[in-house]
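Notes for the one structure printed next.
Please read all numbers here as calculations on a predicted model, not as lab measurements. Naming convention: chains lettered A, B, ... in sequence-line order (proteins, then strands); numbering from 1 in each chain.
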Amino acid sequence: MGKLQRIKIVEILASDAFLSEQINVRGWVRTRRGNKHISFIALNDGSTIKNLQIVVDIATFGDDFLKPITTGACVSITGLLVASQGQGQTVELQALEIEIYGTADAETYPLQKKGHSLEFLREIAHLRPRTNTFSAVLRIRHAMAFAIHQYFNEKGFFYLHTPIITGSDAEGAGAMFQVTTLDLNDMPKTPEGKVNYDNDFFGKPTNLTVSGQLEGELGALALGNIYTFGPTFRAENSNTPRHLAEFWMIEPEAAFYDIHDNMDLAEDFLKSLIRYALDHCADDLDFLNSMWDNELIDRLKFVAENDFVRLSYTEGIDILVHSGEKFEFPVSWGVDLQSEHERYLVEKHFKKPVILTDYPKEIKAFYMKQNEDGKTVRAMDVLFPRIGEIIGGSQREENYDRLLDRINELNIPMKDLWWYLETRKFGTAPHAGFGLGFERLLLFVTGMGNIRDVIPFPRTPKNAEF
RNA sequence: UCUUCAGUAGCUCAGUCGGUUAGAGCACCUGACUGUUAAUCAGGGGGUCGUAGGUUCAAGUCCUACCUGAAGAGCCA
């Protein structure tokens with residue numbers, strides 16, 4: 001005994017292969033209860049939301065030995081797997097040998113058997129993965145990351161690693177975190193009194209990336225189809241349940257795709273991921289559905305099974321103008337859509353995901369392909385219920401002259417973008433792509449209400465404790 | 001960053017019109033119970049009322065500033 005290989009609880013519950021066998025399990029105690037003769041331990045090892053019930057005969061082990069086995073303690077237990085005599089579980093482990101790896105003093109261990117508020121759990125982010133909710137979210141997060149790689153791999157998209165430290169801020173996607181090795185208390189200055197970056201690590205100002213898209217386009221114009229999946233940083237002072245300063249983004253980019261191919265890809269991609277979650281994370285989704293959001297699974301199935309609505313910005317404005325709805329921000333052609341407008345279209349008018357296309361060029365980025373009308377660009381935003389914009393993308397402007405004109409119109413510093421422009425100078429091609437915020441996807445798939453609860457270590461203004 | 005709400009025991013909260021010793025449930029500790037399911041039952045300990053000022057005979061309660069958290073907005077993914 002004691003030399004048995006550890007079996008994960010998810011495997012034990014998956015079949016009856018271990019019934020009547022002597023096995024070893026290791027994990028963390030959720031609760032221990034019972035009377036002076038018998039003790040029941042609910043053990044969780046993180047492999048599944050489900051616990052394994054351990055039955056302990058107190059006479060065999062002694063009260064003093066069992067006393068430190070409290071909520072949060074880590075134990076290794078060897079025993080005999082038998083059909084359960086009690087209700088609530090099919091099998092249970094009759095303990096023959098118990099080793100305590102680590103105790104968790106009941107007076108100071110912050111996690112209790114009872115539920116905690118998500119706000120409190122954020123303050124103990126180092127321990128919250130041990131709760132049912134966060135272990136479920138983190139398993140789903142893993143499954144979605146895996147499904148994303150699998151989806152693109154099967155479609156022939158290559159995983160391209162774009163840089164995390166960049167020398168350009170040309171995309172203008174938001175405020176950036178500067179990266180420097182200069183001494184902030186003694187910055188070298190030029191004769192004009194500005195910071196002299198000549199002796200900084202890269203010899204020029206650098207920042208953490210806000211998007212891998214521009215580099216992704218370089219990859220697509222060589223490999224055909226690529227995607228990125230990596231960390232992204234925004235130094236915006238955003239305090240909302242939908243924003244993080246550090247988040248993960250997926251950005252596919254495909255040569256020879258127009259905006260319609262791009263929409264097809266985005267819709268199929270999202271539906272595939274949701275279907276993957278329904279097929280592979282059923283236990284965790286059931287838990288989240290019952291604990292936090294009892295419409296979650298219905299909503300996921302609905303999105304996976306129904307077509308997204310596709311309409312132009314102009315048509316969307318028309319619907320909003322004639323809606324009879326009183327909006328805080330008035331609607332007219334040319335204005336950027338506010339949250340309330342997007343929510344009206346998605347949640348009230350269509351009641352399903354919406355893809356809006358062909359926005360006015362003034363409210364979209366410089367690289368988007370201009371339409372023949374001279375007013376709009378081939379942009380596409382995928383709007384989801386509850387979370388708003390989950391995907392933003394476009395067909396890119398592949399014409400060198402038109403792209404350069406737009407860059408000059410917007411006064412974007414050219415010197416940072418010479419390499420990007422050369423893709424249009426040499427062997428340019430029509431292409432398109434989009435960006436998906438990974439945590440926004442997880443908000444939708446898990447039903448969690450706050451983006452800080454779908455990433456293990458959230459980075460938000462004034463918060464980088466863990 | 002703006003607006004609103006909140007901060008009282010380890011957690012979740014109550015605390016009336018400003019008035020005697022600040023309460024409850026859960027958690028924790030002690031005890032009871034021969035199969036429990038967030039076990040149950042009985043008892044016990046536990047408080048700088050976010051911080052700093054101010055008003056008042058008297059402040060958890062009213063005022064000011066600040067800190068922290070949340071929701072909505074902006075920005076966006």
Side-chain angles (χ1 to χ4, degrees), chain A residues 30-42 50-59 63 67 70-72 82 84-89 92 94 104-124 131-132 171-175 209-213 231-251 266 291 327-329 336-340 342-343 363-365 381-384 387-393 434-444 449-455 460-463 465:
Chain A
R30 283 288 203 268
T31 69
R32 185 164 71 89
R33 54 179 174 258
N35 53 47
K36 67 161 76 161
H37 302 277
I38 190 167
S39 208
F40 301 94
I41 298 170
K50 292 177 176 164
N51 300 328
L52 182 66
Q53 171 154 285
I54 314 293
V55 185
V56 184
D57 177 41
I58 292 179
D63 212 27
K67 196 159 273 183
T70 55
T71 298
V82 299
S84 178
Q85 296 174 32
Q87 306 289 308
Q89 59 279 317
E92 62 192 18
Q94 288 179 337
D105 176 47
E107 300 231 34
T108 51
Y109 184 62
L111 292 173
Q112 303 171 0
K113 302 180 210 180
K114 297 275 178 180
H116 294 287
S117 70
L118 295 170
E119 289 85 355
F120 172 67
L121 291 174
R122 269 170 228 149
E123 294 171 11
I124 51 167
T131 64
N132 288 331
E171 215 220 325
T209 183
V210 292
S211 165
Q213 183 202 313
T232 310
F233 308 87
R234 304 275 165 92
E236 301 286 353
N237 189 9
S238 292
N239 293 287
T240 86
R242 296 178 303 283
H243 290 86
L244 291 165
E246 176 181 303
F247 64 101
W248 288 66
M249 191 149 65
I250 300 104
E251 295 176 291
M291 185 62 105
F327 294 114
E328 186 187 342
F329 295 89
D336 207 351
L337 293 183
Q338 305 294 320
S339 293
E340 56 175 343
E342 296 180 350
R343 212 175 302 127
I363 58 175
K364 286 295 181 184
D381 285 0
V382 181
L383 309 178
F384 258 37
I387 51 178
E389 185 184 338
I390 192 169
I391 275 179
F434 61 79
L436 167 69
F438 187 45
E439 285 77 15
R440 293 243 174 120
L441 171 75
L442 289 171
L443 275 182
F444 187 75
N450 192 310
I451 203 164
R452 297 165 184 123
D453 299 328
V454 296
I455 188 168
T460 53
K462 300 286 191 311
N463 186 0
E465 180 68 22

Just to be sure I understand the rule, does A:E389 reach a base, reach only the sugar-phosphate, or reach nothing, if contact means heavy atoms closer than 4.0 Å? sugar-phosphate
Between B:A77, B:G35, B:G74, which nucleotide gets closest to the side-chain atoms of A:Q94? B:G35
On the side chain of A:H116, is there an atom forming a donor-acceptor pair with the base of B:C11 - under 3.5 Å, no angle test? no
Answer yes or no: is there a donor N or O on one side and an acceptor on the other, between the side chain of A:E92 and the main chain of A:V82, under 3.5 Å? no
Minimum-distance nucleotide (side-chain atoms of A:E119 versus B:C75, B:A70, B:A38): B:A70
Do the non-hydrogen side-chain atoms of A:N450 and A:L118 ever get within less than 4.5 Å of each other? no
Name the orientation of the base relative to the sugar in B:C62: syn if the glycosidic angle is within 90° of 0, else anti. anti
Categorize A:T71 for me: base, sugar-phosphate, or nothing, with a 4.0 angstrom heavy-atom threshold over every strand shown. nothing
Distance-only donor-acceptor test, A:Q112 side-chain atoms vs B:G10 base atoms, 3.5 Å: yes
Applying a 3.5 angstrom cut-off to the pairing atoms, does RNA chain B sit in any stems of at least three consecutive Watson-Crick or G-U pairs? List them by first number. B:1-7 with B:67-73, B:10-13 with B:23-26, B:28-32 with B:40-44, B:50-54 with B:62-66
Regarding A:D336 and A:K364, does a basic nitrogen lie under 4.0 Å from an acidic carboxylate oxygen? no
Roughly how many Å is it from CD1 in A:I38 to C1' in B:U40, rounded to a whole number? 16 Å
Rounded to the nearest Å, what distance is computed from the CD atom of residue A:E328 to the C1' atom of nucleotide B:U3? 10 Å
When the C1' atoms of B:A59 and B:U64 are compared, how many Å lie between them, rounded to an integer? 15 Å
Classify the nucleic acid contact of A:E92 as base, sugar-phosphate or nothing, counting any heavy atom under 4.0 Å across all strands shown. base
Hey, does A:T31 reach any base, or is it just sugar-phosphate, or nothing, if we go heavy atoms under 4.0 Å? sugar-phosphate
What is the distance, to the nearest angstrom, from the CZ atom on A:F327 to the C1' atom on B:A73? 16 Å
Using heavy-atom distances to pick each residue's nearest nucleotide on RNA chain B, tell me which of A:N463 and A:P241 is more 5'. A:N463
N/O (side chain, A:R343) to phosphate O (OP1/OP2, B:A73) under 4.0 Å: yes
Of all the nucleotides listed (B:U1, B:G74, B:A77), which has the minimum atom distance to the side chain of A:N239? B:U1
N or O in side chain of A:R452 less than 4.0 angstrom from B:A71 OP1/OP2: yes
Please measure how far the P atom in B:A52 lies from the corresponding atom in B:U40, and state the result in whole Å. 40 Å
Separation of B:G74 atom C1' from A:N237 atom CG, nearest Å, is 11 Å
A:Q53 (side chain) and B:U36 (base): donor-acceptor pair under 3.5 Å: yes
For B:U12 versus B:A42, give the span between their C1' atoms, rounded off to a whole number of Å. 24 Å
So, A:R234 side chain and A:V210 main chain: donor-acceptor pair closer than 3.5 Å or not? yes
What integer distance in Å separates A:E465:CD from B:U68:P? 13 Å
Check every atom of B:C75, B:C28, B:C76 against the side chain of A:E107 and return the nucleotide holding the closest atom. B:C28
Heavy atoms under 4.0 Å, any strand shown: does A:F120 hit a base, just sugar-phosphate, or nothing? sugar-phosphate
Select base, sugar-phosphate, or nothing to describe what A:I387 touches, counting heavy atoms under 4.0 Å on all strands. nothing
Say whether, by atom type as modelled, one donor and one acceptor occur between the side chain of A:E251 and the main chain of A:G212 under 3.5 angstrom. yes
Between A:R33 and A:T31, is the side chain to side chain donor-acceptor pair (under 3.5 Å) condition met? List the steps. CA-CA 7 Å; A:R33 54 179 174 258; A:T31 69; 3.2 Å; yes
Which part of the nucleic acid, if any, lies within contact of A:G388, taking any heavy atom under 4.0 Å across all strands shown: a base, the sugar-phosphate backbone alone, or nothing? nothing
Identify whether any heavy atom of A:S39 sits under 4.0 Å from a base atom; if not, whether one sits that close to sugar-phosphate; answer base, sugar-phosphate or nothing. nothing
Donor/acceptor link under 3.5 angstrom from A:H37 side chain onto base of B:C33: no
Without swapping roles, check the side chain of A:Q89 against the backbone of A:Q87 for a donor-acceptor pair under 3.5 Å. yes
Length of the line joining A:L337:CG and B:C75:P, which is rounded to integer Å: 11 Å
Atom-pair distance (NZ on A:K364; C1' on B:C75), nearest Å: 12 Å
Separation of atom CZ in A:F329 from atom C1' in B:C75, rounded to whole Å: 12 Å
Check this one for me: any side-chain N or O of A:N450 less than 4.0 Å away from OP1 or OP2 of B:A71? yes
Is A:G86 touching bases, backbone alone, or none of the nucleic acid, heavy atoms closer than 4.0 Å? base
Side chains of A:L244 and A:I455, heavy atoms from C-beta outward: is any pair under 4.5 Å? yes
Sequence neighbours excluded, which residues qualify as ring pair (Phe, Tyr, Trp, His ring centres under 6.0 Å) partners of A:F327? A:H341, A:Y344
Quiz question: by atom type and distance under 3.5 Å, do the side chains of A:R30 and A:N132 form a donor-acceptor pair? yes
Which listed nucleotide (B:C75, B:A77, B:U30) is nearest to the side chain of A:I451? B:A77
Sugar-phosphate, base or nothing in reach of A:L441, heavy atoms under 4.0 Å: nothing
Can you tell me if A:R122 touches the phosphate of B:A70, counting only side-chain N or O atoms and a distance under 4.0 Å to OP1 or OP2? yes
Do we see A:F40 stacking on the base of B:G35, given a limit of 5.5 Å between centres and 30° between planes? no
Under 4.0 Å between a side-chain N/O of A:N35 and OP1 or OP2 of B:C33, yes or no? no
Can you tell me if the side-chain N/O atoms of A:Q338 get under 4.0 Å from OP1 or OP2 in B:G74? yes
Does OP1 or OP2 of B:C11 have a side-chain N or O of A:S117 closer than 4.0 Å? no
Closest of B:A73, B:G74, B:C29 to the A:T240 side chain is B:G74
Please figure out whether A:H243 or A:K462 has its closest RNA chain B nucleotide nearer the 5' end. A:K462
Between the base of B:C76 and the side chain of A:S238, is one N or O donor paired with an acceptor at under 3.5 angstrom? no
Any chance you could measure A:L52, atom CG, to A:K50, atom NZ, to the nearest 0.5 Å? 12.0 Å
Answer with base, sugar-phosphate or nothing: what part of the nucleic acid does A:Q87 contact at a heavy-atom distance below 4.0 Å? base
